Colleague: 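Got a structure for you, questions after.
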Amino acid sequence: MLPDGATRHVAPGTLPADVVRSIGERLLGAAVAVSVDGEIQDLMTPLRKGGAFRVLTERDPEALGVLRHSAAHVLATAVRRLRPDAKIGFGPAIDDGFYYDFEVASPFTPDDLAAFEAEMRKVVAEKYPFVREEVGPVEARKRFVDDPLKLERLDDFTDPNEIISTYTDGPFIDLCRGPHVPDTGRLKHFKLLNTAGAYWRGDEKRQMLQRIYGTAWFKKEELEQYLYRLEEAKKRDHRRLGRELDLFMFHPFSPGSAFWTERGTTVYNLLVEYCRERQRRDFAEIRTPLLYNKGLWELSGHWGKYKENMFLVLDNETGEHDISLKPMNCPSHYMLYLAKRHSYRELPMRYVTFDVLHRNELTGALSGLTRVRQFSQDDCHVFLREDQIADEVKFLMDFILGYYESFGLTATLKFATRPEQRIGEDAMWDRAEAGLRAALEATGREYALKPGDGAFYGPKIDFDVTDSLGRAWQLGTIQLDYAAPERFDLSYVGEDNAEHRPVVIHRAVSGSFERFIAILIEHFAGAFPTWLPPEQVRVLPISEEQAPVAEAIVERMVNAGIRASLDARSETLKYRIAEGARMKTPYMCVVGRREAEADQVAVNTRGAGEGQKPAPVSVDEFIRRVRAEIDTRALTLSAGATATL
RNA sequence: GCCACUGUAGCUCAGGGGUAGAGCACUCGAUUCGUAAUCGAGCGGUCGUCGGUUCAAAUCCGACCAGUGGCUCCA
């Protein structure tokens with residue numbers, strides 16, 4: 001069945017290429033692959049079933065994955081030519097590109113990368129067809145006798161009747177499911193990007209392979225756009241903007257912990273305040289200690305499962321390292337819950353805290369503000385009855401998504417189930433997963449399934465936001481926990497006057513303020529909405545003559561609760577405008593003779609671009625508008641508008 | 001923690017066995033300016049740290065520290 005409704009009847013085993021040829025010879029030249037009932041396959045894999053048949057050309061987004069997968073093979077072909085000793089691992093297509101893993105005696109250098117790319121261009125010029133063959137496991141093993149990694153992969157095929165496919169392009173053969181483009185000549189616009197180490201099969205106990213990353217596109221402009229996008233993303237990088245906007249810094253004396261400048265601290269505190277404000281009504285804020293004896297962690301299970309990540313402190317009296325900085329808040333919240341008897345009437349009970357946490361992250365895992373050793377979460381623990389789970393999850397989800405929305409952020413949802421390393425019995429996990437999933441589905445939102453990705457004490461829903469480089473970061477989370485109430489013997493008194501076991505939900509919204517700020521910096525490219533930046537308004541007198549008037553205007557703004565400052569330096573207006581713009585100040589108010597006489601300011605709005613026509617607004621009116629923007633936490637800047645009100 | 005790369009002035013970077021460089025920032029002076037960097041002068045670095053090779057090391061080699069990109073882990 002073709003998209004136009006026509007049908008072709010072919011025998012099973014017919015090659016898609018033949019079907020495409022029957023439609024048109026020209027189409028065959030443009031075809032990259034075909035889609036049969038939504039499944040993508042290449043032109044040289046025999047058809048096994050009929051169905052909706054669609055020819056994929058360079059215009060179809062699904063074809064890109066096929067191209068990139070083939071690009072990985074071309075890369076391997078080139079590497080094998082220049083480094084015949086290289087053993088091949090896996091080489092899939094990924095978002096925006098592809099990679100291939102190799103096991104080699106000595107790692108690749110950047111020079112090698114250039115040589116491989118040049119060799120790839122030769123392989124492309126040679127236009128080797130991708131030839132698919134289907135063999136049994138025994139024959140397959142013969143073909144890869146010299147490739148131990150491929151042999152290990154073949155160990156997974158235990159059925160002797162299994163059909164295994166191989167693809168050959170010129171001198172290179174790979175164990176591969178496909179699909180592929182018809183020949184290596186289809187690959188035109190590509191670039192190798194970098195090398196990296198990667199554990200064989202993602203297992204840190206196995207040997208480290210050398211991975212080469214690359215990108216490939218159908219059109220030259222697409223490749224150029226992609227490379228341009230990478231450059232632009234770097235300009236948004238929160239580490240760079242953090243320095244340029246003078247928000248925070250890092251120092252080798254405390255790797256993984258941020259030093260917040262005066263400006264950065266202002267932003268940080270504003271976010272904490274905002275977060276606190278949104279939770280004032282429905283959550284109870286508490287504070288608990290930072291240091292604990294190991295007894296608490298033994299009770300919670302962290303001592304066994306999480307000790308590697310905890311900073312241990314020497315107890316001078318015992319001479320033992322049996323005190324630790326808390327890496328999580330949960331156990332301390334349970335302590336406070338345990339201090340009283342609770343009625344079913346109190347539930348759900350929500351404890352929230354902003355305490356500082358420390359986690360001893362691996363040095364190689366640290367990254368700017370997104371992965372640090374010291375941070376604060378807006379961490380909440382809800383104690384509730386089992387029958388309240390669905391309502392509570394909905395409440396928390398609405399809260400989290402509403403919070404993101406107020407920043408213009410959107411998150412993707414993940415449902416993560418039991419990991420291998422876990423506490424609690426399977427029956428408990430069955431109940432927890434079913435309960436959380438039901439609550440999640442009741443909200444009707446889309447989500448991705450992440451099997452085995454749950455916390456060691458329970459399944460969770462994660463809220464991910466991506467940074468400017470496309471890396472996903474977990475911000476919010478909702479984690480269901482049946483284990484902790486057991487371990488800590490938590491209880492409440494029910495309607496029946498008997499003791500019952502509550503359920504605990506762990507919840508974070510920002511993930512951590514550190515990570516959240518990183519995401520916000522990149523999301524706004526450093527240009528925060530009016531309520532958030534350290535400096536909201538900068539007032540610039542044109543000459544010394546207006547300096548006293550400008551100073552008085554700043555005073556009025558500050559009294560109105562606006563973070564305004566004066567720039568009356570002996571520099572040209574041009575210079576001061578440029579600097580204010582570089583610091584991404586929302587408004588720059590110029591005061592010249594005309595404005596001074598009329599009690600006005602000429603407002604330059606951030607983002608309006610060079611050569612904008614500054615708007616004269618009365619000082620009182622401008623203050624009123626900025627205040628309104630701050631109070632509503634508006635995401636756009638409009639206080640500079642000239643409209644007469 | 002593992003693999004690769006990087007580390008030169010506060011920032012961005014050039015230099016690459018033989019006297020340490022630029023622009024910006026900063027300080028001072030001049031300029032008082034109508035919208036995206038005014039001119040001049042000055043200050044500022046034992047070239048990440050420690051060791052080795054060498055007549056001589058910022059430069060070559062090694063270890064360590066930190067950062068970057070990945071892997072593993074993870075808010």
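Below, read A as the first sequence line, B as the second, and so on, with proteins coming before strands; counting in each chain starts at 1. All of these numbers come straight from a predicted model, not from anything done at the bench.
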Colleague: Please work out which residues in residues 507-521 of chain A have a non-hydrogen atom less than 4.0 Å from an atom of RNA chain B and list them by number.
Modeller: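 Under 4.0 Å from RNA chain B: A:Gly511, A:Ser512, A:Arg515.
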Colleague: Looking at B:C11, which nucleotide sits across from it as a Watson-Crick or G-U wobble partner, both distances under 3.5 angstrom, or is there none?
Modeller: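 Paired with B:C11, as far as the under-3.5 Å criterion goes, is B:G23.
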Colleague: Tell me what A:Arg243 touches on the nucleic acid: a base, only sugar-phosphate, or nothing, going by heavy atoms under 4.0 Å.
Modeller: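 Since only primed, P, OP1 and OP2 atoms lie under 4.0 Å of A:Arg243, the category is sugar-phosphate.
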Colleague: Could you identify the nucleotide paired to B:C33, looking across every strand shown and requiring Watson-Crick or G-U wobble geometry with both distances under 3.5 Å?
Modeller: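 Its partner is none (no Watson-Crick or G-U wobble pair with both distances under 3.5 Å).
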Colleague: Are the side chain of A:Glu433 and the backbone N or O of A:Arg418 linked by a donor-acceptor pair below 3.5 Å?
Modeller: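 Indeed, once roles are kept as given, a pair shorter than 3.5 Å links the two residues.
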Colleague: Could you list all N or O pairs between the protein and nucleotides 25-30 of chain B that sit under 3.5 Å apart?
Modeller:
unit_1: B:A25; atom_1: OP1; unit_2: A:Tyr575; atom_2: OH; d: 2.8

Colleague: Compare side-chain N and O positions of A:Lys460 against OP1 and OP2 of B:A75 and report whether any pair is under 4.0 Å apart.
Modeller: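 Yes, within the criterion.
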Colleague: Check whether the ring centres of A:Trp200 and A:Phe90 lie less than 6.0 Å apart, and answer yes or no.
Modeller: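 Centroid distance A:Trp200-A:Phe90: below 6.0 Å, so yes.
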Colleague: Looking at B:A75, B:G69, B:A36, which one has an atom nearest to any side-chain atom of A:Ile577?
Modeller: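 Per side-chain heavy atoms of A:Ile577, the pick is B:A36.
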Colleague: A:Gln377 near the nucleic acid: base, sugar-phosphate alone, or nothing, with a heavy-atom cut-off under 4.0 Å?
Modeller: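 If one applies the 4.0 Å heavy-atom cut-off, A:Gln377 turns out to touch the sugar-phosphate alone, with no base involved.
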Colleague: When you measure from the side-chain N and O atoms of A:Lys574 to the phosphate of B:A36, is any distance below 4.0 Å, counting only OP1 and OP2?
Modeller: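 Yes.
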Colleague: Does a sphere of radius 6.0 Å around CZ in A:Phe259 hold more than 12 heavy atoms from other residues, nucleotides or ligands, not counting ones at 6.0 Å or beyond?
Modeller: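 Yes, enclosed.
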Colleague: Could you tell me whether A:Asp112 and A:Arg83 make a salt bridge, using a distance below 4.0 angstrom between a side-chain N and a carboxylate O?
Modeller: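 A salt bridge is present here (some side-chain N lies under 4.0 Å from a carboxylate O).
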Colleague: So which nucleotide from B:C2, B:C73, B:A36 ends up closest to the side chain of A:Glu361?
Modeller: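 The closest nucleotide is B:C73.
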Colleague: Under a 3.5 Å cut-off for both distances, is B:G17 Watson-Crick or wobble paired, and to whom?
Modeller: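 With both distances under 3.5 Å required, B:G17 matches none.
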Colleague: Which whole number of Å gives the distance between the P atom of B:G18 and that of B:C61?
Modeller: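 It works out to 15 Å between them.
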Colleague: Determine the Euclidean distance between corresponding P atoms of B:G69 and B:G34; express it in Å to zero decimal places.
Modeller: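 After rounding to an integer number of Å, I get 44 Å for this pair.
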Colleague: To the nearest angstrom, how far is A:Gln374 atom CD from B:A75 atom C1'?
Modeller: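 Taking atom C1' of B:A75 as the reference, CD of A:Gln374 is at 14 Å.
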Colleague: Is the shortest distance from a Lys or Arg side-chain nitrogen in A:Arg593 or A:Glu597 to a carboxylate oxygen in the other one below 4.0 Å?
Modeller: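 Salt bridge between A:Arg593 and A:Glu597, a charged N being under 4.0 Å from a carboxylate O: no.
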Colleague: What contact category does A:Leu475 fall into here, base, sugar-phosphate, or nothing, at under 4.0 angstrom with non-hydrogen atoms?
Modeller: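 Sugar-phosphate only.
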Colleague: Between A:Arg68 (side chain) and A:Ala216 (backbone), is there a donor-acceptor pair under 3.5 Å?
Modeller: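 Yes: the side chain of A:Arg68 pairs with the backbone of A:Ala216.
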Colleague: Rounding to an integer number of Å, can you tell me how far A:Arg211 CZ sits from B:C3 C1'?
Modeller: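 My rounded result for the distance is 11 Å.
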Colleague: Given the P atoms of B:G21 and B:G42, what is the spacing between them in whole Å?
Modeller: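 The same atom, P, in both gives a distance of 14 Å.
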Colleague: Kindly point out which of B:A75, B:U35, B:C73 is positioned nearest to the side chain of A:Ala365?
Modeller: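 Of the candidates, B:C73 comes closest.
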Colleague: B:A14 and B:A20: how far apart are their C1' atoms, nearest whole angstrom?
Modeller: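 B:A14 and B:A20 have their C1' atoms separated by 12 Å.
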Colleague: In whole Å, what is the span from the CG atom of A:Leu540 to the C1' atom of B:A36?
Modeller: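 It works out to 12 Å between those atoms.
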Colleague: Which of the following nucleotides, B:G1, B:A75, B:C11, is nearest to the side chain of A:Tyr199?
Modeller: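 The closest nucleotide is B:G1.
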Colleague: Figure out the CD/P separation between A:Glu610 and B:U35, and round it to whole Å.
Modeller: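 Value for this atom pair: 13 Å.
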Colleague: Which word best sums up how the rings of A:Tyr351 and A:His333 line up, parallel for under 30°, tilted for 30 to 60°, or perpendicular for over 60°?
Modeller: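 The rings of A:Tyr351 and A:His333 stand perpendicular, inter-plane angle above 60°.
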Colleague: Take the protein atom CG of A:Leu369 and the nucleotide atom P of B:U68, then report the distance between them rounded to whole Å.
Modeller: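 One finds 11 Å between P of B:U68 and CG of A:Leu369, rounded.
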Colleague: From the set B:G1, B:A75, B:A4, return the single nucleotide nearest to any side-chain atom of A:Val372.
Modeller: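 So the side chain of A:Val372 is nearest to B:A75.
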Colleague: Closer to the 5' end of RNA chain B via nearest nucleotide, is it A:Ala608 or A:Pro107?
Modeller: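 Residue closer to the 5' terminus by nearest nucleotide: A:Pro107.
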Colleague: Of A:Gln474 and A:Met588, whose nearest nucleotide on RNA chain B comes first from the 5' end?
Modeller: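 Counting from the 5' end, the first nearest nucleotide belongs to A:Met588.
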Colleague: Can you measure A:Gln210 atom CD to B:C2 atom P for me and round it to whole angstrom units?
Modeller: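 Checked: the CD to P distance equals 14 Å.
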Colleague: According to the Watson-Crick and G-U wobble definitions, with both distances under 3.5 Å, which nucleotide is paired to B:G62?
Modeller: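 Here B:G62 is engaged in a pair, and the nucleotide opposite it is B:C50.
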Colleague: When the C1' atoms of B:U12 and B:G70 are compared, how many Å lie between them, rounded to an integer?
Modeller: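 Per the computed distance, 26 Å lies between those C1' atoms.
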Colleague: Take a 6.0 Å sphere around CD of A:Glu551 and say whether it holds more than 12 heavy atoms from other residues, nucleotides or ligands.
Modeller: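 Result for CD/A:Glu551: open.
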Colleague: Using a heavy-atom cut-off of 4.0 Å across all strands, would you classify A:Ala196 as base, sugar-phosphate, or nothing?
Modeller: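 It contacts base atoms.
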Colleague: Which protein N or O atoms sit under 3.5 Å from an N or O of nucleotides 61-67 of chain B?
Modeller:
none

Colleague: Determine which nucleotide pairs with B:A4, using a 3.5 Å limit on both distances of a Watson-Crick or G-U wobble pair.
Modeller: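 Looking at the geometry, B:A4 pairs with B:U68.
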Colleague: With rounding to the closest Å, how many angstrom separate the P atoms on B:C3 and B:G10?
Modeller: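 Those two atoms are separated by 32 Å.
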Colleague: Any side-chain to backbone donor/acceptor pair from A:Thr261 onto A:Leu247? Under 3.5 Å, distance only.
Modeller: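 Checked: pair present.
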Colleague: Side chain of A:Arg422, backbone of A:Pro419: donor and acceptor closer than 3.5 Å?
Modeller: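 Such a contact is found between A:Arg422 side chain and A:Pro419 backbone.
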Colleague: Are the side chain of A:Glu621 and the backbone N or O of A:Ser618 linked by a donor-acceptor pair below 3.5 Å?
Modeller: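 The answer is no, because no donor-acceptor pair under 3.5 Å joins these two groups.
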Colleague: Would you say the side chain of A:Arg371 and the base of B:C73 hold a donor-acceptor pair, judged only by whether the two atoms sit under 3.5 Å apart?
Modeller: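 Answer is yes: a donor-acceptor pair is held.
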Colleague: With sequence neighbours left out, write down each residue that passes ring-ring contact (aromatic ring centres under 6.0 Å, His included) with A:Tyr274, or none if nothing qualifies.
Modeller: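 If we apply the ring-ring contact (aromatic ring centres under 6.0 Å, His included) test to A:Tyr274, skipping adjacent residues, the hits are A:Tyr403, A:Phe407, A:Trp531.
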Colleague: Tell me whether the count of non-hydrogen atoms from other residues, nucleotides or ligands lying under 6.0 Å of CZ in A:Arg569 goes above 12.
Modeller: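 More than 12 heavy atoms, drawn from other residues, nucleotides or ligands, come within 6.0 Å of this atom.
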Colleague: What pairs with A:Tyr99 under ring-ring contact (aromatic ring centres under 6.0 Å, His included), at least two apart in sequence or on another chain?
Modeller: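 Partners of A:Tyr99 under the ring-ring contact (aromatic ring centres under 6.0 Å, His included) test: A:Tyr213.
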Colleague: Would you indicate which nucleotide in B:G69, B:G1, B:A36 comes nearest to any side-chain atom of A:Gln612?
Modeller: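 Looking only at heavy atoms from C-beta outward on A:Gln612, the closest nucleotide is B:A36.
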Colleague: Answer yes or no: is there a donor N or O on one side and an acceptor on the other, between the side chain of A:Ser300 and the main chain of A:His302, under 3.5 Å?
Modeller: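 The answer is yes, because a donor-acceptor pair under 3.5 Å joins these two groups.
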Colleague: How would you label the contact of A:Gln479 with the nucleic acid (heavy atoms, under 4.0 Å): base, sugar-phosphate, or nothing?
Modeller: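 Nothing, no nucleic acid heavy atom in range.
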Colleague: What I'd like to find out is whether the side chain of A:Ile521 reaches to under 4.5 Å of the side chain of A:Phe248, using heavy atoms alone.
Modeller: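 Of all side-chain heavy-atom pairs linking A:Phe248 with A:Ile521, at least one is under 4.5 Å.
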Colleague: Within this structure, what is the CH2-to-C1' distance between A:Trp200 and B:G70, rounded to whole angstrom?
Modeller: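 One finds 18 Å between C1' of B:G70 and CH2 of A:Trp200, rounded.
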Colleague: Base, sugar-phosphate, or nothing: which does A:Gly580 touch, judged by heavy atoms less than 4.0 Å apart?
Modeller: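 A:Gly580: no heavy atom of the nucleic acid under 4.0 Å.
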Colleague: In whole Å, I'd like the distance from the CE atom of A:Met208 to the C1' atom of B:C73.
Modeller: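 Result: 12 Å.
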Colleague: Would you say the ring centers of A:Phe283 and A:Phe399 fall short of 6.0 Å from each other?
Modeller: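 When the ring centroids of A:Phe283 and A:Phe399 are compared, they turn out to be within the sub-6.0 Å range.
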Colleague: Across all strands, who's sitting opposite B:C43 as a Watson-Crick or G-U wobble pair, both distances under 3.5 Å?
Modeller: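 B:C43 is paired with nothing.
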Colleague: Where along residues 596-606 of chain A does a heavy atom come under 4.0 Å from RNA chain B, residue by residue in number order?
Modeller: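 Per residue number, the list reads A:Ala602, A:Asn604.
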Colleague: Please answer whether the main-chain N or O of A:Gln377 pairs with a side-chain N or O of A:Ser512 as donor and acceptor at a distance below 3.5 Å.
Modeller: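 Between the backbone of A:Gln377 and the side chain of A:Ser512 there is no qualifying donor-acceptor contact (under 3.5 Å).
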Colleague: Quick check for you: among B:U35, B:A36, B:C3, whose closest atom lies nearest to any side-chain atom of A:Leu573?
Modeller: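 Per side-chain heavy atoms of A:Leu573, the pick is B:U35.
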